[in-house]
Amino acid sequence: MSLPFRLNRALEKLPVYLPGRPIEEVARELGLDPEGIIKLASNENPLGPSPKAMEAVRKAASAMNIYPDGSAFRLKNKISKKLNLPTHCISFGNGSNELLELIGHAVLQPGDECVMSQYCFAVYPIVTRLFNAEIIMVPAKNYGSDLEAMLKAITPNTRIVFLANPNNPTGTFLSEAELSDFIAKVPEETLIVLDEAYTEYQENPPDFLPLIREGKKTNLVICRTFSKIYGLAGLRIGFSVACPEFTAALDKVREAFNTGSLAQEAALAALDDMEFLEKARRLNAQGLDYLQKEFDGMKLEYVPSAANFVLVKTGNGKRVFEELQRAGIIVRPLANYNLHDWVRITVGTPEQNQRLITALKRVLPALSQS
Ligand SMILES: *Cc1c(COP(=O)(O)O)cnc(C)c1O
């Protein structure tokens, strides 16, 4: 059926985001007990949220008839102190995903170009097309971003260059030296969007905040999230760090109450729970090590990961995804990334990782025989 009115033309060529499948949906479809299903598909924290965040949400629940503080005053001040940044360099989004879109609102006009890498986070091409801008896709190098080629792809029409470090879905990582050099060479007229959704999983992550703190880079915006290591994906909150002028632009285009009060309270509490953060980081490092060693043993190619997931070449990712799903394990097939022979697996608890490996060892030989 066609609509009697015209839709935004951007929708015609808009790529679709394919999320990891929810446990409830898989349970309904396959007649499985949701309790027995594990989701290793969306890079969520297998430890759950920080207990402190849960307590903060319980406390804040009685005030949810009240609109949130649209400026997230207390959370902004906490991050400001923690990261040693002026408050006017920090803005919030309904997940960092929303921040990526707000950046598009603030910057993009039809016909502009955005440079990104093959196998980049699926949201970058979506944001680009949403504003009728053009995607300039630079071929990857060893599944990671080819920074030299990306620099060469930048033209006077390039408004944004998107880069995630570590990258999702490949888990590849760029060193501080490589990225510093890149940031220095990108022309000032092009905004660098550095997406650090997984940065906390590293022991000593590269730190580009000084470039903003010291006012050295006005064309850099760093995005962080509470969805991954902080375990608050369901609450939707992330933040950006940029120069005051660009932060003001983001605040102008965002909805007045774009982050909820429960999300703000949970984020505040999670920032204080260093014990939880350490535990999550340690568990992830061990889990990643276990999975990669098992893949070695199974002679499966994988991309060494710096995040909380790993891309592994199983052959026929769609079938592997389906068979694992039947066994109550949800992983991520990557046909939409043109990685048909791969699946992406989130690092779970030790028990979940073992269950995954056991299932893979059963599923893969059966598939190769059929
Ligand atoms: C998960 C992820 C995000 C975070 O999304 P939220 O909207 O904050 O939940 C951002 N960038 C990348 C690359 C991601 O993988």
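We count residues from 1, following the sequence as given. Counting convention: from 1, in listed order, for ligands and their atoms alike.
Here the CG-OG distance, from Leu232 to Ser50, works out to 7.5 Å after rounding to the nearest 0.5 Å.
In terms of N/O distances under 3.5 Å, ligand 1 is not approached by Glu98. Below 3.5 Å of separation, one finds an N or O of Thr225 facing an N or O of ligand 1.
Under a 4.0 angstrom heavy-atom cut-off, Ala197 registers as being in contact with ligand 1. Within the 4.0 Å heavy-atom shell around ligand 1 one finds Tyr198.
Of all the atoms in ligand 1, the ones that sit under 4.0 Å from a non-hydrogen atom of Asn97 are 6 (P), 7 (O), 8 (O). In summary, the atoms of ligand 1 found under 4.0 Å from a heavy atom of Gly95, numbered by their order in the structure, are 6 (P), 7 (O), 8 (O). Close contacts between ligand 1 and Asn168 involve ligand atoms 13 (C), 14 (C), 15 (O) [criterion: under 4.0 Å to a heavy atom].
A side chain to side chain contact (heavy atoms under 4.5 Å, CB included) with Trp342 holds for exactly one of Val303, Asn316, Thr314; it is Val303.
Contact annotation for Arg236 and ligand 1: only side-chain heavy atoms (C-beta onward) come within less than 4.0 Å of the ligand.
The protein non-hydrogen atom at the shortest distance from atom 10 (C) of ligand 1 is Ser96 OG, 3.3 Å. Scanning the protein heavy atoms around atom 9 (O) of ligand 1, the nearest turns out to be Ser227 OG, 2.6 Å. Looking only at protein heavy atoms, the nearest one to atom 11 (N) of ligand 1 is Asp195 OD2, 2.6 Å. Scanning the protein heavy atoms around atom 2 (C) of ligand 1, the nearest turns out to be Lys228 NZ, 2.4 Å.
For Tyr17, the OH atom is densely surrounded, since the number of other residues' heavy atoms within 6.0 Å is greater than 12. Residue Asn65 qualifies as enclosed at atom CG: its count of foreign heavy atoms under 6.0 Å is above 12. The neighbour count for Asn142 CG, taken as heavy atoms of other residues, nucleotides or ligands under 6.0 Å away, does not exceed 12.
Taking the six-membered ring for Trp, Tyr119 and Tyr337 have ring centres at least 6.0 Å apart. Aromatic rings of Tyr198 and Phe309 (six-membered ring for Trp) have centroids within the 6.0 Å cut-off, being under it.
The cationic atom of Arg224 (NZ for Lys, CZ for Arg) does not lie both less than 6.0 Å from the six-membered ring centre of Phe239 and within 45° of the ring axis.
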